Amino acid sequence: MPEGHTVHRTANDFQRLFVGSAIGIDSPQGRFSAGAQALSGQVLTNSYAIGKQLFLDFANGQTIRIHLGIFGKWRWYKNIDVAAALKEPVTGEVRARFFTESVLADLRGPTICEVLVQEQVEAVRRRLGPDPLNPDPDGSEYQRFAKRVAKSKTAIGLLLMDQSVISGIGNVYRAEILFRAGINPYTPGSSLKPKQIQELWKDSVDLLAIGVKTGFMITRNELFTTRPTKAERNFVYKREGQACRVCSKKVSIALAAGRKLYWCPKCQK
DNA sequence: GGCCAATGCATAG
DNA sequence: TATGCCTTGGCCG
């Protein structure tokens, strides 16, 4: 379920299980056959995520870029006999499969799975905004975000979904971060106080980190010591027409740029 | 079993 | 703003 935290978890899995090894790559579905042929058997030297994109660097200087889009999914098989598993018939459309002797990772339905050379990677990176999950020791990533928001007349609810403004936020975190900050999603970025912009960034850092740690988009985290159910996890996301968990007013819904936007009309004036 | 919606984004117009 | 991508989970019956 792909907002930024999921992709970082995948990058971590690749780091732990594949980096440093020569890995096998195959494309049972066929749509990544050329890439698989070009890179199968190469040593994976690095794995990292920026927002919702995964980058896998290989010893020959090439990089695989993967973007799950809304449908893409990974399926991992750890501590298995891969040689035996590879002889089994493939179920469904497996675009790419990555493996060592004991670990197999199958990728289905991604929007993007392609091989890039260095300058193409840099071009992709240039159009991605700061990622709250990546280190920001000098605060410059936060500054990039704050400047973009402060000079934009676009609604903050749209800016948070714009991957060149901040990368890794999706529809769930967008709704929840704005609720937690008490900000109406239609407020233009330029109308926000610096303190509010700072709060949005800081809460993104905190919430996405919880997502990476737990694997779930828990945004009422202050309330739980054990894992909440899906129905308990969030304040407003997918709760239209139900009572706000803070003020009891009905949660609103609207379509904004083709995506469902949820907010509390009282808590987020 | 069928059907729909979904955490996203590129492209066309 | 509309459409295509093309998988999965959840809901309905």
Side-chain angles (χ1 to χ4, degrees), chain A residues 1-11 27-32 49-55 65-77 90-97 105-114 116 120 123-129 131-133 154-155 157-180 185-186 203-204 207-221 227-242 251 253-263:
Chain A
M1 312 188 177
E3 292 196 27
H5 68 297
T6 321
V7 185
H8 279 260
R9 282 170 70 89
T10 304
S27 178
Q29 177 211 40
R31 283 181 58 187
F32 190 59
I50 302 176
K52 300 167 188 170
Q53 320 224 7
L54 174 69
F55 298 88
R65 171 192 172 222
I66 293 167
H67 194 307
L68 296 178
I70 207 164
F71 301 129
K73 295 271 187 287
W74 286 102
R75 195 167 295 172
W76 288 80
Y77 305 86
V90 176
T91 48
E93 302 281 294
V94 177
R95 178 84 58 90
R97 104 190 309 185
D106 278 351
L107 173 65
R108 291 160 214 266
T111 288
I112 290 159
C113 176
E114 63 183 7
L116 301 181
Q120 294 172 305
V124 173
R125 294 185 61 144
R126 270 196 294 277
R127 53 169 217 261
L128 287 172
D131 180 340
L133 282 170
T154 302
L158 296 179
L159 289 174
L160 290 180
M161 294 283 276
D162 182 339
Q163 301 300 300
S164 72
V165 173
I166 181 168
S167 61
I169 305 288
N171 205 19
V172 179
Y173 281 128
R174 177 258 300 261
E176 296 293 306
I177 288 164
L178 287 171
F179 177 86
R180 287 164 59 96
Y186 293 102
D203 211 33
S204 303
L207 291 181
L208 284 163
I210 290 166
V212 172
K213 194 174 166 192
T214 65
F216 299 94
M217 290 187 274
I218 301 165
T219 56
R220 298 171 78 213
N221 50 300
R227 190 162 88 216
T229 66
K230 207 166 194 176
E232 297 169 329
R233 229 166 263 167
N234 307 123
F235 284 103
V236 290
Y237 178 73
K238 266 194 178 168
R239 296 196 65 249
E240 74 273 23
Q242 299 179 57
V251 172
I253 184 169
L255 212 54
R259 308 298 303 280
K260 286 180 177 173
L261 171 61
Y262 305 85
W263 78 101

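No experiment lies behind these values; they were computed from the predicted model shown. Numbers restart at 1 for each chain; the letters A, B, ... are given by sequence-line order, proteins then strands.
- Between the CG atom in A:Asn221 and the OG1 atom in A:Thr219 there is a gap of 7.5 Å [rounded to 0.5 Å].
- Taking atom CE of A:Met217 as the reference point, atom C1' of B:dT7 lies 4 Å away to the nearest angstrom.
- For the salt bridge (Lys or Arg N to Asp or Glu O under 4.0 Å) condition, the pairs that include at least one residue of residues 160-177 of chain A, sequence neighbours left out, are A:Arg148-A:Asp162.
- At least one side-chain nitrogen or oxygen of A:His67 sits closer than 4.0 Å to the OP1 or OP2 atom of B:dC9.
- Residues forming a salt bridge (charged side-chain N to carboxylate O under 4.0 Å, His left out) with A:Arg65 (at least two apart in sequence, or on another chain): A:Glu114.
- Counting to the nearest Å, the P atom of C:dT7 and the CD1 atom of A:Ile66 are 16 Å from each other.
- Rounded to an integer number of Å, the gap from CG of A:Leu68 to P of C:dG9 is 14 Å.
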Listing time: all N or O pairs from protein to nucleotides 4-6 of chain B that are below 3.5 Å?
{"unit_1": "B:dA6", "atom_1": "OP1", "unit_2": "A:Lys260", "atom_2": "NZ", "d": "3.2"}
{"unit_1": "B:dA6", "atom_1": "OP2", "unit_2": "A:Lys260", "atom_2": "NZ", "d": "3.3"}
{"unit_1": "B:dA6", "atom_1": "O3'", "unit_2": "A:Tyr237", "atom_2": "OH", "d": "3.4"}

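- Following rounding to the nearest Å, A:Leu207 (CG) and B:dT7 (C1') show an atom-to-atom distance of 15 Å.
- A:Leu107 places its CG atom 14 Å from the C1' atom of C:dC5, with the value rounded to the nearest Å.
- If you check every strand for non-hydrogen atoms under 4.0 Å, A:Arg174 touches nothing.
- A:Arg233 comes within 4.0 angstrom of no nucleic acid atom, judged by non-hydrogen atoms across all strands.
- Considering only residues two or more places apart in sequence or on other chains, A:Ser204 meets the side-chain hydrogen bond (donor to acceptor under 3.5 Å, both in side chains) condition with none of them.
- A close approach under 4.0 Å does occur between a side-chain nitrogen or oxygen of A:Gln163 and OP1 or OP2 of B:dC9.
- If you take NZ on A:Lys52 and OG1 on A:Thr111, they are separated by 11.0 Å, rounding to the nearest 0.5 Å.
- Residues passing the salt bridge (charged side-chain N to carboxylate O under 4.0 Å, His left out) test with A:Arg97 are A:Asp106, sequence neighbours excluded.
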Passes side-chain contact (heavy atoms from CB on, under 4.5 Å), A:Phe32 versus A:Leu107? Steps please.
-> CA-CA 11 Å; A:Phe32 190 59; A:Leu107 173 65; over 6 Å; no
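- With rounding to whole Å, A:Arg9 atom CZ is found 14 Å from B:dT7 atom C1'.
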Identify the pairs formed between an N or O of the protein and an N or O of nucleotides 1-4 of chain C at a distance under 3.5 Å, and give each distance.
none

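- In this model, the phosphate group of B:dC9 is approached by a side-chain N or O of A:Lys52 to a distance below 4.0 Å at OP1 or OP2.
- Separating the CG atom of A:Asp162 from the P atom of B:dG8 is a distance of 13 Å, rounded to the nearest angstrom.
- The side chain of A:Arg75 approaches C:dT8 more closely than any other nucleotide in the set C:dT8, B:dC9, B:dG8.
- Residues that satisfy the side chain to side chain contact (heavy atoms under 4.5 Å, CB included) test with A:Thr10, not counting sequence neighbours, are A:Phe14, A:Leu54, A:Trp74, A:Trp76.
- Distance noted for atom P between B:dA10 and C:dT8: 22 Å (whole Å).
- One atom, OH of A:Tyr173, and another, C1' of B:dG8, lie 16 Å apart when rounded to the nearest Å.
- Take A:Glu93 and apply the side chain to side chain contact (heavy atoms under 4.5 Å, CB included) test, not counting sequence neighbours, and it matches A:Gln29.
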Contacts table for residues 256-263 of chain A: side-chain donor-acceptor under 3.5 angstrom, sequence neighbours left out:
none

